Amino acid sequence: MSPIGVFDSGYGGLTILREIRRRLPQYDYLYLGDNARAPYGTRSFDVVYDFTLQAVRRLFDEGCPLVILACNTASAKALRSIQQRDLPHIDPTRRVLGVIIPTVEALDDISSTRHVGVVATPGTINSHSYAIETAKLYPDISMAEVACPMWVPLIENNEAAGDGADYFVKKYCDEMLAKDPEIDTLLLGCTHYPLLMEKIRAYMPSDIRILPQGELVAESLADYLRRHPEMETRLSKTGEARYLTTENPEKFDTLATLFLDTPVASTRIHLD
Ligand code: DGL
C-alpha cells in the first residue's frame with residue numbers, strides 16, 4: 001500500500017480528510033493524529049517542528065509517498081523547514097504539502113470588500129503566515145488575524161456543542177468584528193474549527209461568509225496530482241482509509257466518528 005498520509009495534532013485534520021476523500025475517493029489514506037500531545041497551537045516553534053518531523057517520518061515509514069500536513073499550526077511552523085532542510089536527506093522523491101497556501105490561493109475569487117478575517121491557533125496567528133502569504137499573492141487584500149486559544153481545547157474535549165463553548169465563540173467573533181468591521185469573509189484557519197461552525201455562524205453577521213478549508217485543500221490536491229503524474233502513479237488506489245493515534249484508540253474512535261459521521265477503528269502508535 002502507498003497511501004496518502006494525512007497528519008494533524010489531533011482530530012482537526014479529519015475535516016480535511018473527509019473533504020479529500022469525497023473529492024478523491026479512489027486513493028488510500030493513512031491518517032495520523034498526535035492526540036497524546038495535542039494541542040500544538042500554544043507550543044513553541046521548535047517543539048511543533050520536532051513533533052511534526054517525527055510524524056512525517058513515521059508516515060514515510062508506513063509507505064506514504066505524499067504527506068499532507070492537515071494542520072495549520074504545523075504548516076505554519078514546520079512545513080518550510082521539512083521541505084527545504086529535511087526532505088532532501090530523508091527522500092527527495094517524497095513530498096510534504098500544507099494547508100495554508102491552498103487556502104490563501106482561493107481568496108481572490110471569494111472576497112469582494114478585500115477585507116478578510118482569519119481565526120486560528122495562537123501558533124498560526126503569531127507566525128502571521130496567513131497575512132504574509134496573502135500579501136504576497138493578493139496585496140490588495142487586508143487580513144485581520146485573531147487567535148482563539150480556547151477553541152481547540154473545547155473541541156478536543158468534546159465540548160464543541162456545549163453551552164460553555166458559546167462564551168468563547170462569541171468572545172473571539174466579537175474581537176474579529178472589532179478588529180475589522182469590513183470583512184466579508186471569515187477564514188477558519190484551523191482544521192478543528194468546522195466543528196464549531198454552527199456557533200460561529202450564530203455569532204457572526206449573516207452577510208459574512210464563513211470559509212472552512214477542507215474543500216479548498218481537496219481541490220488543490222486534485223490539481224497537484226493532475227500536474228504530477230510521477231507522484232500520482234505511485235499512489236495505491238483501493239479507496240481504503242486507516243487511522244493511527246498516539247492516544248487511547250477507543251477515545252480516538254469515539255470522537256473521530258463525530259468528525260467523520262462514520263465508524264472509525266484506529267491503532268495506537270508511539271512517536272519519537
Ligand atoms: N488543527 C490544528 C490546526 O489546524 C491545530 C490544533 C492544535 O493542535 O492546536 O492548526
Side-chain angles (χ1 to χ4, degrees), residues 1-18 20 28-100 120-124 127 152-153 155-158 190-192 217 235-236 240-260 264-272:
M1 284 287 222
S2 307
I4 298 174
V6 178
F7 168 69
D8 182 47
S9 60
Y11 301 100
L14 294 170
T15 64
I16 302 286
L17 177 67
R18 191 182 54 206
I20 293 180
D28 297 311
Y29 295 92
L30 181 58
Y31 186 87
L32 169 51
D34 190 9
N35 301 77
R37 301 188 293 193
Y40 281 11
T42 43
R43 292 188 187 273
S44 67
F45 186 98
D46 290 352
V47 171
V48 173
Y49 165 70
D50 285 347
F51 287 0
T52 306
L53 183 58
Q54 289 168 8
V56 166
R57 283 184 183 278
R58 177 58 186 249
L59 287 166
F60 282 173
D61 289 347
E62 298 277 341
C64 301
L66 171 66
V67 172
I68 312 293
L69 301 185
C71 174
N72 290 269
T73 312
S75 298
K77 294 189 168 194
L79 179 62
R80 196 174 299 250
S81 307
I82 291 177
Q83 284 175 333
Q84 293 177 356
R85 210 168 54 204
D86 301 302
L87 261 188
H89 304 293
I90 302 173
D91 182 345
T93 74
R94 303 206 197 199
R95 287 291 171 269
V96 181
L97 306 174
V99 288
I100 293 179
T121 66
T124 302
S127 74
V152 170
I155 295 161
E156 289 281 319
N157 290 293
N158 204 6
C190 171
T191 55
H192 281 67
V217 173
L235 300 170
S236 58
E240 294 288 312
R242 288 193 301 124
Y243 301 87
L244 306 175
T245 175
T246 54
E247 245 290 353
N248 174 298
E250 285 81 37
K251 196 174 152 196
F252 181 88
D253 298 349
T254 308
L255 213 53
T257 303
L258 265 185
F259 277 77
L260 293 175
V264 166
S266 61
T267 306
R268 183 171 179 196
I269 57 153
H270 295 274
L271 286 179
D272 49 35

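Residue numbers start at 1 and run along the sequence shown. Bear in mind the structure is a predicted one, so any value in this text is a computation, not a measurement.
Residues Tyr40 and Lys77 have side chains not in contact (no heavy-atom distance under 4.5 Å, counting atoms from C-beta outward). The shortest side-chain heavy-atom distance between Leu87 and Val96 falls under the 4.5 Å cut-off. Residues Leu30 and Leu59 form a side-chain contact, since some pair of their non-hydrogen atoms from C-beta on lies under 4.5 Å apart. No side-chain heavy atom of Ser266 sits under 4.5 Å from any side-chain heavy atom of Glu250. Residues Val6 and Leu32 have side chains not in contact (no heavy-atom distance under 4.5 Å, counting atoms from C-beta outward). Val99 is not listed as a side-chain neighbour of Cys71, based on a closest heavy-atom distance of 4.5 Å or more. Residues Asp28 and Leu235 fail the side-chain proximity criterion, which asks for heavy atoms closer than 4.5 Å.
Under a cutoff of 6.0 Å and an axis angle of 45°, Arg85 and Tyr49 form a cation-pi pair. A cation-pi arrangement is present between Arg94 and Phe60 under the rule of less than 6.0 angstrom and at most 45 degrees off the ring axis.
Although no hydrogens or angles enter the test, the distance criterion places a donor-acceptor pair under 3.5 Å between the side chain of Ser236 and the main chain of Ser2.
The aromatic rings of Tyr11 and Phe259 sit parallel to each other, their planes meeting at less than 30°, with 60° as the upper class boundary.
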Next on the checklist: Let's go through Thr124 and Ser127 carefully: what are the C-alpha distance in whole Å and the side-chain angles of both, what is the deciding distance for side-chain hydrogen bond (donor to acceptor under 3.5 Å, both in side chains) to 0.1 Å, and is it a yes or a no?
Outcome noted: CA-CA 5 Å; Thr124 302; Ser127 74; 5.6 Å; no

Checklist entry - Passes side chain to side chain contact (heavy atoms under 4.5 Å, CB included), Cys190 versus Val152? Steps please. => result CA-CA 9 Å; Cys190 171; Val152 170; 3.7 Å; yes

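Thr257 and Val264 make their closest contact through OG1-N, 3.8 Å (heavy atoms, listed as atom of the first residue, atom of the second, distance).
Counting heavy atoms of neighbouring residues, nucleotides and ligands inside a 6.0 Å radius, atom CZ of Arg37 exceeds 12 of them.
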